[in-house]
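FYI, side chains are in, hydrogens and waters are out, and symmetry mates aren't considered; it's all heavy atoms of this structure. It should be emphasised that the depicted structure is a prediction, and the values quoted were computed from it without experimental measurement.
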Amino acid sequence: MKQAFYKIMICLIGLSIFFLESCVNQFLDNPDKSVLTDQTQWSNEATADLFLNDIYHNLPDCQNQPDNMDNFTDYAAQHFYYTSYNWKQGIVNPNTTYFGVWGGVAGPLGEYNYNWATTFANIRKCNTFIEEVRKHASNFSTTWMNKRIDEARFLRAFFYANLWTLVGGLPIITEELDRHTMDSTQLYRPRASFAETENFIVSQLDSIINDNYLAVKYGPNDADAGRATIGAALMLKGWVQLFAASPAFNAPVPAVGSNPGSCCGFGNYDKNRWADAAATFKKFIDQYGNGHPYDLFPDLSPHGLWFPGNKYNSEVIWDRQYVANSPLGSTFEQYGGPVYILGAYYTWGNYNPTQELVDRFYMANGKPITDPTSGYDPQHPYLNRDPRFYDWIVYDGAPYYMDWMPRPDTIYTRIDKVHPSLNEINFSTGDVSNSGYYFKKKLNPLVRPGGGPVSGANFIYFRYAEVLLGYAEAQNEAYGPDQTVYDAINAIRRRAGIPDLQPGLTQDQMRAEIHQERDVELCFENKRYYDIIRWKIADSVLNRPQHGMMITNSSPNDDKGVWIYTPIVINYPPTHHFDSKMYLAPITQSVIDQNPKIIQNPGY
């Protein structure tokens, strides 16, 4: 089924571009700018907004492609169609000019337009907006101009942060580059160091926060919902500092092994980097957390945090908008979840959890399944687990019901000769899961898969749980497991419905608990890739096979025996290979060819 979609992908992309540029609908819309001259574009706030709205439209479109950043990790099984499948085998090529999800060799640069050219095109648009608004300041109110310029500065910082976390140090460009008025020394900029790039991003966000021109948060009925906020700026600052403080970069030798131009890390260890991240997250909690206005949303079910009716709830910090039943809608439900529902084919079966992820879910009593006192039974592995397991993971025998379905279904992935299931674990290259699991986290229960861009569920880049998790991690690394670290993690656990952490943990024990909580709480939110990179564990977890669960009956011809649960190696891809160079993606060779001042990352 996916082969057919692959063959017409180019046509679909072309049609999408046409519709997206001609559609007029709510905040993200931008009429055909061919009717605007440079003079009229900046003549008033309404037409200037069109330019900025177009930049918002270029935010990562994480709901409309079948490969995602989780597929690059040990917690998701992917199909052979995708770029992540090649990357997991160690296949990444700086000479490629294709940046997409269909069998590419650009690695994570092929996801969501994270590549160099697209990122700097977006940065250029931000610079253009800032310069032109300032140039035509007499056409705008001071309030509008202050807000919109800081929005553009935030977007520029966001684009910078996305590429910096993938490739390291970047050229710092804050003005429009014009080949007609600038010479080569002005046009061709070298990469700034890893530290200089981080400092630039953080300083821009500090300036935005201190300006205080933006709203702290928008609600669902606010006309500016979806625009940058103080909360988003503070969260992004904390995330950038947390990433920088982590072992892959906060070390005498960075994870990639060498450090040309100081682009790949700091070249030393400094505990204060952890303290800086902790202070940023602490400021967020103290000033804007605990319901003022950000807080944990109480419901993690399909009708909870991600449900379209709960947009801009207390937990949402920064997201991308989608408009239901329009070209600006999402097709996310087409790509993941059970392939067969009520006996009919519905989804492509992507984003399938591996046994490695499933095993990270604790028991309902808050103990890991490896604890002999937890009550875990390997032959009844899905009993009495963390409630999030039942909200987010589809396992063998799981009840499955979404609002669009006429009646409930039960999903079976077992090998059953007596009552065969269409979702039986797959050992070949079809759409059905080869791990024995499906996911359902973030799926819109209102949307029948396969109906096109009909979902209006937004994609959440950052939410308040990540503030608490980021604070706990940074504070523990800087100062050890004090009570505030317990408070942050226990807030996440209580919302999930499991008991608090046991007191008296060492720093190492607390670190393990924090990592586990991130693994579970943030699964399938495009976070795991960045965590295994910054924690410097990718060379461990990605150089070994991933596993699924095979379930068979001891009496297969009549099912009168017992069901046997056997973890098995997932045979796609056939090999797993991660080199240290892959801790950073390569600089595209065409970029270096155009600008000889750009140095390549080690190993490429």
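Qualifying side chain to side chain contact (heavy atoms under 4.5 Å, CB included) partners for D386, counting only residues two or more places apart in sequence or in other chains: F361, R388, A496, I498, V520. With sequence neighbours excluded, the residues that form a side chain to side chain contact (heavy atoms under 4.5 Å, CB included) with V541 are D74, R528, I532, I537, R544. Here T118 pairs with N113, N115, N122 under the side chain to side chain contact (heavy atoms under 4.5 Å, CB included) rule; sequence neighbours left out.
Taking 4.0 Å as the cut-off between side-chain N and carboxylate O, E333 and R448 do not count as a salt-bridged pair. Using a cutoff of 4.0 Å between basic side-chain nitrogens and carboxylate oxygens, R534 and D531 are scored as salt-bridged. Between K217 and E315, no side-chain nitrogen of the basic residue sits less than 4.0 Å from a carboxylate oxygen of the acidic one, so the salt-bridge criterion is not met.
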Begin from the C-alpha positions of R495 and E521 and carry the test salt bridge (Lys or Arg N to Asp or Glu O under 4.0 Å) through to its verdict. CA-CA 11 Å; R495 193 262 299 269; E521 177 68 21; 2.9 Å; yes
Trace of the salt bridge (Lys or Arg N to Asp or Glu O under 4.0 Å) decision for E151 with R148: CA-CA 5 Å; E151 286 180 38; R148 293 298 190 259; 2.9 Å; yes
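Ring planes of F284 and Y288: perpendicular class, angle over 60° (limits at 30 and 60°). Ring planes of Y464 and Y294: parallel class, angle under 30° (limits at 30 and 60°).
Under the ring-ring contact (aromatic ring centres under 6.0 Å, His included) rule, F72 has a single partner from Y530, W87, Y351, which is W87. Partner of E525 under the salt bridge (charged side-chain N to carboxylate O under 4.0 Å, His left out) criterion, out of R518, K441, K442: K441 alone.
Under the 6.0 Å cut-off for aromatic ring centres, Y395 and Y437 do not qualify, their centroids lying 6.0 Å or more apart. You'll find the ring centres of F158 and Y461 inside the 6.0 Å limit. Ring centers of F439 and F524: under 6.0 Å apart, within the cut-off.
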